[in-house]
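Scroll down for the structure; my scribbles are underneath it.
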Protein chains: 2
Amino acid sequence: MTGSNATAAEMEEALRADGVRITRQRAALLKVLAEADDHPDANELHRRAREIEETVSLATVYRTLSALESQGVVHRLAFEGAPARFETTDAPHHDHIIDVETGAVIEFRSEKIEALQALIAEELGYEVVRHRLELYCRKRK
Amino acid sequence: MTGSNATAAEMEEALRADGVRITRQRAALLKVLAEADDHPDANELHRRAREIEETVSLATVYRTLSALESQGVVHRLAFEGAPARFETTDAPHHDHIIDVETGAVIEFRSEKIEALQALIAEELGYEVVRHRLELYCRKRK
DNA sequence: TTCAATGCAAACCCTTTGCACGGTA
DNA sequence: TACCGTGCAAAGGGTTTGCATTGAA
C-alpha cells in the first residue's frame, strides 16, 4: 500500500530460516509480492509471477502463499463474496476500507478501536486472538 | 441469540409484501429461523427444516435465504474459512465475537466503535455503507 | 389457471490435493 | 544424492442454476 513492503530478500530469509527451499517459482512470487502495492488475489499474483518466470502454476502460488502465511510473512484477506486477497505483513496491524464501487482497498489503523475491542471482549470474559474489521464504503461527494 | 427473534408470522408478512409465495417449505424454514437462537449455517437450517417438512431441499433453503436477505429480514454472516451462517435481523445492528475454540458466537454492540468507524471513513473521504467487525476470541482463565 | 417455487443434479468458483517428475541444497 | 517442490488434473466444499414438474393464490 505504502511502498514499505517487506523486500523479496527479507521474505526469502524468513522462508530459508524455516527450511523452505527458494525455487525460481517462489523467487518470482516473492518479487511480485514485494512490489505489489495493491492487494492482489491468487489469480492476479499468478498472472504477475508468470511475467517473471513462466513456469509458475496456480497450485504453486497457493502453496507458497500458505507457507508464507503460516510463517507470518503474508496475510490472507477474505473480503465479502470475493476470492482471498493477500498482503505482506511488513506494516503493523491495520484494518481495511473497501470501496464498494471500485474494489479499491485502503488501509487504516485506529488505536482507539483496538483498545475498545479488547475492552469489550474482556467485559464478556474473552481475550481477542485476532480480529477482522472491514468498512465497505463509498466515496463522499 | 436473545429469544427476541422476529416471529415466523412477521417474516411471512415481509415476504408476502414483496409478492413472494409462502410454501410449506418456506413456512418450515421461517419457523426454524424464528426459533433459532444460535447462528446456524445453511446445512443446519436444512436439517432442522426437514424435521418440520421433509420435502425441503438444500437448494430451496439457499434460495429462500437469499430472498430473505435481499428483503433485509436475514443477515448472512461470513466468518473466516467457514460456511455462511444466518441470523434474523430483528435486533438492531451488532457485531460478533467468535469463540475460536468452540465456534460459539456472541453478539455485542458498541456505539463508540460505530462512531469511530464513521469518523475514520470520513477523514479518508468515504462514508460507510456497511461494515464487518469480528473478534476471534478465547475464553479468559 | 397461472406462473412462481420446487427437487434434482449438474455446474460454478475458489482452493486444495494426489501423483509422478524435476530441481534445490 | 536426497527429498522438497513442481505442474497437471482431478477432487473438494459451499453455493448457485437449468430444467421439467408441482403447487400456492
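None of the values given here were measured: they were computed from a predicted structure. Naming convention: chains lettered A, B, ... in sequence-line order (proteins, then strands); numbering from 1 in each chain.
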For the side chain of [X], starting at C-beta, report the closest nucleotide among [options].
X       : options               : result
B/Arg63 : D/dG18, D/dG5, D/dT15 : D/dG18
A/Arg26 : D/dG5, C/dT15, C/dT16 : D/dG5
B/Gln25 : D/dA25, C/dT6, D/dG5  : C/dT6
B/Arg21 : C/dT15, C/dT6, C/dC3  : C/dC3
A/Thr64 : C/dA25, D/dT6, C/dA5  : D/dT6
A/Ala59 : D/dA24, D/dT6, C/dT17 : C/dT17
B/Arg24 : D/dA24, C/dA9, C/dT16 : D/dA24
B/Val20 : C/dA5, C/dT16, D/dG5  : C/dA5

- Item | Main-chain N/O of B/Val100 paired to B/Arg138 side chain as donor or acceptor, under 3.5 Å |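 Such a contact is absent between B/Arg138 side chain and B/Val100 backbone.
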- Query: Do side-chain atoms of B/His131 reach the backbone of A/Leu133 as a donor and acceptor pair under 3.5 angstrom?
  - Reply: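 Absent.
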Starting from [atom2] on [N], measure out to [atom1] on [X] and report it in whole angstrom.
X       : N      : atom1 : atom2 : result
B/Glu80 : C/dC14 : CD    : C1'   : 17 Å
B/Glu69 : D/dT15 : CD    : C1'   : 12 Å
A/Tyr62 : C/dT17 : OH    : C1'   : 14 Å
B/Glu44 : D/dT15 : CD    : C1'   : 18 Å
A/Leu29 : D/dG5  : CG    : C1'   : 14 Å
A/Leu65 : C/dC14 : CG    : C1'   : 13 Å
A/His46 : C/dT15 : NE2   : P     : 14 Å
A/Glu53 : D/dG5  : CD    : C1'   : 13 Å

Once rounded to the nearest 0.5 Å, what's the spacing between atom [atom1] of [X] and atom [atom2] of [Y]?
X        : Y        : atom1 : atom2 : value
A/Ile113 : B/Lys112 : CD1   : NZ    : 12.5 Å
B/Met11  : B/Lys31  : CE    : NZ    : 11.0 Å
B/Leu58  : B/Arg47  : CG    : CZ    : 13.0 Å

- Between A/Gly19 and B/Arg76, just flag the one whose closest nucleotide in DNA chain D comes earlier from the 5' side.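 Whichever sits nearer the 5' end wins; that is A/Gly19.
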- Message: Using OP1 and OP2 only, check whether a side-chain N or O of B/Thr23 sits under 4.0 Å from C/dA4.
- Response: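 No, because none of the side-chain N or O atoms of B/Thr23 sits under 4.0 Å from OP1 or OP2 of C/dA4.
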